[in-house]
There are 2 protein chains.
Amino acid sequence: MAKTTTGETVPVRQRGVTMKDVANHAGVSRTAVSFVLSNRENASISEETRTRINQAVQELGYRPNAGARALASRRSDWYGIVTEIVTAPFAVDIIKGAQDQAWLDRRFLLIAPSDQADAVGPNEGLEDAATEKLLEQRVEGLLYAATFHRGVHVPASANEVPTVLINCFDADGKLPSIVPDERAGGRVAVERLLQGGHTRIGVINLDPNIPAAVGRLEGAREALAAAGLELDPELVVSGYATADGGYDAACHILDRYPEGGRPTALFCLNDRMAMGAYDAIKERGLTIPGDIAVIGFDNQELIAAYLRPKLTTVALPFERMGALGVQTLAALTAGQPILADQQLVDCPLLERSSV
Amino acid sequence: MAKTTTGETVPVRQRGVTMKDVANHAGVSRTAVSFVLSNRENASISEETRTRINQAVQELGYRPNAGARALASRRSDWYGIVTEIVTAPFAVDIIKGAQDQAWLDRRFLLIAPSDQADAVGPNEGLEDAATEKLLEQRVEGLLYAATFHRGVHVPASANEVPTVLINCFDADGKLPSIVPDERAGGRVAVERLLQGGHTRIGVINLDPNIPAAVGRLEGAREALAAAGLELDPELVVSGYATADGGYDAACHILDRYPEGGRPTALFCLNDRMAMGAYDAIKERGLTIPGDIAVIGFDNQELIAAYLRPKLTTVALPFERMGALGVQTLAALTAGQPILADQQLVDCPLLERSSV
DNA sequence: CCCACCGGGTAACGCGCGTTACCAACAGCG
DNA sequence: CGCTGTTGGTAACGCGCGTTACCCGGTGGG
């Protein structure tokens, strides 16, 4: 506890070592310390005092005050990311990718959850409070990350700094975005099945209106068309994006042609549905991949890597999208042109044991 | 000021509006603006100038500079959390709980990943770089969060500021920590099985040396002892903490007494192993929960909520631990005494359909 | 001998804000 | 009348640092 002049006690606040302390300790001016610490090459400091200063830094355990530096230099070295991912962790790898990349660029990533506004007042926009908080910290750029690929509306204040969307796109403007190449993913999945000799393929579809479903299905059709085939509409069934939904859809598909003509492969548009499909297949005494090959989408590790047999699936490149988002932001803040308004990121096929 | 078509005015925000600009616009001194914005009750500002200032704030779209405020007031309103969770997202709810609580306390949570030091140099300690970064931001308190309950070593610099450990404990010191009450969790799980009429219970154990295994097993034994029963050592099998490990262990347990005496319930010490156990049970033509009741631990949503039947399991209170960590930190920074060096948090039973 | 130049530094300003000390005007009171 | 409060403010300092302008003592060139 420390005492003020009035005698009252306040929480102890360690008086930090400042550049002035370092300067005194080294017997030089604070300016010299600043020059040495910021490695200015055009500053003329002799090698001897330079080492003396560095030694003082070590001895005193000096640690720069990032806030003061930001204030004086007018750059914070921070990016902010507004995301619902913290509360819906499915796509947490976006944060990881972004954070790693930011770290490489010697920048810091400030993470703000996008759904906490209701904690302060019911009428505030969801992301607005988070965005505002980040701007108060004077972030140099903003990222918005969604848990699933969709269109979003970004608060107006986002226009004050460079902004990039990750795993979502600007529903009403021209903000640059990074999204998965759903179509190529659908294509590669079905190509893999074709390559395995499957020509009759059932599809367990998501809500047909969301971008993921549209793209993946389109890709699937392309792959089939390239082989001179097409989807049997009877074998494309939508369901809730859950294991139960996948189970129901799989039952429907597997039982559709009792007389013969049952598909030999199932393309499940997400892994949770594939999980349910497994049950439906096993229930019927069929084996995976012997009787029915299954391929998923998303690569949700907890599911895909632990199902038995392990699920072959198409991965959503979350980490890569996060990194690319930061790179794009870096280009924007540096005033460089970016490659495209919308960057598509490849969805690689992960071979396991279900095909 | 900009006007919309409806004639309502919308603040046009531009970077660089300072308190001085607001003061000029309102025709008062900057001090007056500061007083109004920080709501000092002992400052004497007339109601009229107060509204004039607030109006100027609106019109100019003034946004405080958090860094400058922190510099002048010598408090940042930030806590820092060092965590491996970003890279191993299992326990991401810790972050959510901490962030929500911090938000309620009008504080901000700075998240630093604990494994990025190798990006700058191979010789730096893992958490050290992250901790250092946070201290440079002048966080007022530090949290360390682990993905699984264990002992950890924290960098020495953490001592400069109040520190609380979440889901881990200080292996060599006296830092306060928040951990799940594994023992009570094991007890409640087995009590539930007993209540269901099960007296012969198989246990799929984790690595027997980790705190989670020790506590949960101890709790299980307590519950049995209270009913005058005890574990059959032949029915306690350790395995890798994966679905495959659970499958193997379950096979072992289920086939141990071919002549009769097979357990009617399985206590799986985590949900991934329960997932594998499901397969072993189904393979043998047995039903869940009809023939074999299964109870898990961890409540890993992606698994527990999607297995068929849905898995009854004991939840790890990640979110609550995160919140409690922040509360404890708040008490520490305010100089208040904390309840205990180690706070145990209850692990509630989540009833689904597997018992 | 004077002057330009260069190496090696330092003084001083300002970033945006919290905070303390102070000041002017006016009312109430004896 | 002087004195004391009270109301409604303002001037000025400093937080820790980046940055610019400047200074001083040598040195080489003319």
Side-chain angles (χ1 to χ4, degrees), chain A residues 2 4-6 8 10 13-54 56-57 60-77 135-138 140, chain B residues 14-53 56-57 60-78 135-140:
Chain A
T4 66
T5 49
T6 60
E8 73 182 317
V10 295
R13 215 167 284 294
Q14 47 153 23
R15 166 152 168 64
V17 179
T18 75
M19 282 183 68
K20 190 151 85 176
D21 301 326
V22 174
N24 290 341
H25 193 81
V28 297
S29 72
R30 199 187 54 70
T31 307
V33 178
S34 176
F35 283 174
V36 168
L37 289 187
S38 50
N39 262 326
R40 289 170 59 117
E41 62 274 352
N42 59 349
S44 48
I45 305 280
S46 73
E47 202 50 45
E48 190 246 322
T49 63
R50 184 182 301 274
T51 60
R52 199 144 39 92
I53 289 175
N54 282 325
V57 165
L60 296 183
Y62 168 73
R63 178 163 30 232
N65 181 322
R69 190 204 314 253
L71 184 58
S73 69
R74 257 159 280 175
R75 33 173 316 194
S76 63
D77 283 339
L135 289 174
E136 284 183 11
Q137 305 297 339
R138 297 301 188 263
E140 296 175 18
Chain B
Q14 38 186 344
R15 278 172 83 66
V17 179
T18 75
M19 282 184 71
K20 189 151 87 176
D21 301 325
V22 174
N24 290 341
H25 193 80
V28 296
S29 72
R30 199 186 54 69
T31 308
V33 178
S34 176
F35 283 173
V36 167
L37 290 187
S38 49
N39 263 324
R40 290 170 58 116
E41 64 276 350
N42 58 349
S44 51
I45 304 281
S46 73
E47 203 50 46
E48 190 246 323
T49 63
R50 183 181 302 274
T51 61
R52 200 146 37 92
I53 288 174
V57 165
L60 296 182
Y62 169 72
R63 177 162 34 230
N65 181 322
R69 192 206 308 256
L71 183 58
S73 69
R74 257 159 282 174
R75 32 172 318 187
S76 62
D77 284 339
W78 287 21
L135 290 174
E136 285 183 11
Q137 305 296 340
R138 297 301 187 262
V139 294
E140 296 176 18

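- Toward the 5′ end of DNA chain D lies the nearest nucleotide of B/Arg52, the other residue of the pair B/Arg52 and B/Leu71 mapping further downstream.
- Side-chain atoms of B/Ser29 come within 3.5 Å of backbone N or O of B/Ala32 as a donor-acceptor pair.
- Distance from the side chain of B/Val28 is smallest for D/dT10 among the nucleotides D/dT10, C/dG16, C/dT10.
- Nearest nucleotide to the A/Ala72 side chain, out of D/dC15, D/dG9, C/dC15: C/dC15.
- A close approach under 4.0 Å does not occur between any side-chain nitrogen or oxygen of A/Arg74 and OP1 or OP2 of C/dC15.
- Separating the CG atom of A/Asn65 from the P atom of D/dC15 is a distance of 12 Å, rounded to the nearest angstrom.
- With rounding to whole Å, B/Asn24 atom CG is found 13 Å from C/dG16 atom P.
- Contacts of B/Thr49 with the nucleic acid, taken as non-hydrogen atoms under 4.0 Å apart, involve only primed sugar atoms and P, OP1 or OP2.
- Closest to the side chain of B/Met19, out of D/dG16, C/dC17, D/dT19, is C/dC17.
- Residues A/Arg50 and A/Ile45 come closest through the heavy atom pair NH2-O, 3.7 Å.
- Side-chain atoms of B/Ser44 come within donor-acceptor range of the base of D/dG8, with a qualifying N/O pair under 3.5 Å.
- A/Ser73 comes within contact range of the sugar-phosphate backbone alone, with a heavy-atom separation under 4.0 Å but no base atom that close.
- Side-chain N/O atoms of A/Thr18 include none lying less than 4.0 angstrom from OP1 or OP2 on D/dG16.
- When the nucleotides C/dG8, D/dA11, C/dC17 are ranked by their closest atom to the side chain of B/Ala68, C/dC17 comes out on top.
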| task | Step by step, work out the side-chain contact (heavy atoms from CB on, under 4.5 Å) result for A/Tyr62 and A/Met19. | result | CA-CA 7 Å; A/Tyr62 168 73; A/Met19 282 183 68; 3.1 Å; yes

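- Rounded to an integer number of Å, the gap from CD1 of A/Ile45 to P of C/dG7 is 13 Å.
- At distances below 3.5 Å, not a single donor-acceptor pair connects side-chain atoms of A/Asn24 with backbone N or O atoms of A/Asp21.
- The distance between atom CZ of B/Arg63 and atom P of C/dC17, rounded to the nearest whole Å, is 12 Å.
- Residue B/Ser34 has a polar side-chain atom (N or O) positioned under 4.0 Å from OP1 or OP2 of C/dG18.
- Listed for the A/Arg52 side chain is a donor-acceptor partner under 3.5 Å among the backbone atoms of A/Ala26.
- The interatomic distance linking B/Arg138 (CZ) with D/dC15 (P) rounds to 14 Å, in whole Å.
- A donor and an acceptor atom sit less than 3.5 Å apart, one in the side chain of A/Arg30 and one in the base of D/dG18.
- Out of C/dC17, C/dT10, C/dT19, the shortest distance to the side chain of B/Pro64 is found at C/dC17.
- Side-chain proximity of A/Arg69 to the nucleotides D/dC17, D/dT20, D/dG16 is greatest for D/dC17.
- If you check distances only, the side chain of A/Thr31 does reach the base of C/dA11 with a donor-acceptor pair under 3.5 Å.
- What separates CG of B/Leu135 from P of D/dG16 is a distance of 16 Å, to the nearest Å.
- Between B/Arg40 atom CZ and D/dT7 atom C1' the separation is 16 Å, expressed in whole Å.
- Summarising the geometry, the separation between CZ on B/Phe35 and P on D/dA12 is reported as 15 Å, rounded to the nearest angstrom.
- Checked by atom type and distance alone, the side chain of B/Glu140 pairs as donor or acceptor with a backbone atom of B/Ser76 at under 3.5 Å.
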